[in-house]
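Report on the following structure.
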Amino acid sequence: MEKAVHLSTKNGPKVPGEPTKTGTSMVDTAASAVQSFAPINQIHQHLCAFHFYAYDMTRQVEAHHFCGHINEDMRQCLIYDGPDANARLIGLEYIVTEKLFMTLPDDEKKLWHTHEWEVKGGFLFMPGVPEAIQRQDLEKVAKTYGKVYHFWQVDLGHQLPIGLPNIMMAVTRDGQLYPEMIKETEKQFGVSMDKERASRAYMKGPDHGIHPLANGGGKGLKLEVREVDIKPVESVPRVFV
């Protein structure tokens, strides 16, 4: 039997619930006038790329990263299923330089993926930013490693974030992404991935080459729940009930 294919380049189904009421909006507006949103205000760029589930490459999602630098060696990104105001927050990604990646324990390295081919292949881009400007940062991104989790399986049409978080991976060679997904994204954002690939041919990946334990070490990865005993607070004899 042919396996079902799940791919997503558009926002997922409508989230159940009542429309935001005027009173709620007024409270939000008042709070935003006096509160600081310093972490969110550090976001400085929008990257569009593709992720697939680390245990199932047939499930592919267009992922919009809104990123900010913690320092020169690390940035953190909120991931949405689209660039619009009603987009769903579906995951997050940490991006580190090769220098920081090499300090990680070996068991940890397999959870991280490379960005070399994602960048050089033209599959990662900054919507609306001229290519010449993009290249100044993407030269750095091509040398980095990323660790990404998705919490909302929009490719299955879930109206709410259901199930466990999923480890996600990125493309490492041609032929992994569905052509129809590429064409849909190119049409939506007015880009040519082939053109961008040609302009990035000079870029280099990690200085020491792609680490053999990265990208799952070449194997699939999936999170599973396992029941364990929980150590309670001494003054509370029961944990939850």
About how many Å separate [atom2] of [Y] and [atom1] of [X], when rounded to the nearest 0.5 Å?
{"X": "K219", "Y": "N215", "atom1": "NZ", "atom2": "CG", "answer": "14.5 Å"}
{"X": "D174", "Y": "W117", "atom1": "CG", "atom2": "CH2", "answer": "5.0 Å"}
{"X": "D137", "Y": "Q45", "atom1": "CG", "atom2": "CD", "answer": "5.0 Å"}
{"X": "C48", "Y": "F66", "atom1": "SG", "atom2": "CZ", "answer": "9.0 Å"}
{"X": "C77", "Y": "H69", "atom1": "SG", "atom2": "NE2", "answer": "9.0 Å"}
{"X": "E62", "Y": "D155", "atom1": "CD", "atom2": "CG", "answer": "12.5 Å"}

Give me the atom names and distance for the closest heavy-atom approach of [X] to [Y].
{"X": "V191", "Y": "T185", "answer": "CG2-O, 4.4 Å"}
{"X": "H51", "Y": "V148", "answer": "CE1-CG2, 3.6 Å"}
{"X": "G122", "Y": "E196", "answer": "O-OE1, 4.1 Å"}
{"X": "M74", "Y": "L100", "answer": "CB-CD1, 4.3 Å"}
{"X": "G216", "Y": "L221", "answer": "CA-CD1, 3.8 Å"}
{"X": "H158", "Y": "W152", "answer": "O-NE1, 3.0 Å"}

Inset, instruction - Give me the ring orientation class for H115 and H113: parallel if the planes are under 30° apart, tilted from 30 to 60°, perpendicular past 60°. - result: perpendicular

Inset, instruction - Indicate the ring-plane relationship of H64 and F189, choosing parallel, tilted or perpendicular according to the 30° and 60° boundaries. - result: tilted

Inset, instruction - Apply side-chain contact (heavy atoms from CB on, under 4.5 Å) to the pair N166 and Y55, showing each step before the final yes or no. - result: CA-CA 9 Å; N166 284 278; Y55 64 92; 3.3 Å; yes

When you measure from the side chain of [X] to the backbone N and O of [Y], does any donor-acceptor pair fall under 3.5 Å?
{"X": "E98", "Y": "H208", "answer": "yes"}
{"X": "K120", "Y": "M203", "answer": "yes"}
{"X": "Q134", "Y": "M126", "answer": "yes"}
{"X": "Q60", "Y": "Q176", "answer": "yes"}
{"X": "K110", "Y": "A214", "answer": "no"}

Legend entry - side-chain contact (heavy atoms from CB on, under 4.5 Å) between H211 and Y145, intermediate numbers included: CA-CA 10 Å; H211 196 284; Y145 290 83; 3.7 Å; yes

Honestly curious: do [X] and [Y] fall in one hydrophobic cluster under the side-chain, below-4.5 Å linking rule?
{"X": "I95", "Y": "L92", "answer": "no"}
{"X": "I70", "Y": "Y94", "answer": "yes"}
{"X": "L177", "Y": "F52", "answer": "no"}
{"X": "Y178", "Y": "V171", "answer": "yes"}
{"X": "M169", "Y": "F50", "answer": "no"}

Quick one: does [X]'s side chain get under 4.5 Å of [Y]'s, heavy atoms only?
{"X": "K140", "Y": "E72", "value": "yes"}
{"X": "Y149", "Y": "L111", "value": "yes"}
{"X": "E131", "Y": "R135", "value": "yes"}
{"X": "R59", "Y": "L156", "value": "yes"}
{"X": "N86", "Y": "V15", "value": "no"}
{"X": "D81", "Y": "V61", "value": "no"}
{"X": "F125", "Y": "M193", "value": "yes"}
{"X": "Y80", "Y": "H46", "value": "no"}

Inset, instruction - Quick one: do S192 and D194 satisfy side-chain hydrogen bond (donor to acceptor under 3.5 Å, both in side chains)? Show the steps, please. - result: CA-CA 5 Å; S192 168; D194 285 340; 5.4 Å; no

Legend entry - Verdict with reasoning, K147 to E108, per side-chain contact (heavy atoms from CB on, under 4.5 Å): CA-CA 10 Å; K147 181 181 183 180; E108 172 69 19; 2.8 Å; yes

Inset, instruction - Using a strict cut-off of less than 4.0 Å between a Lys/Arg side-chain nitrogen and an Asp/Glu carboxylate oxygen, indicate whether K109 and D106 qualify as a salt bridge. - result: yes

Inset, instruction - Test D207 against K143 for side-chain contact (heavy atoms from CB on, under 4.5 Å), laying out the working first. - result: CA-CA 7 Å; D207 293 335; K143 295 177 175 290; 2.9 Å; yes

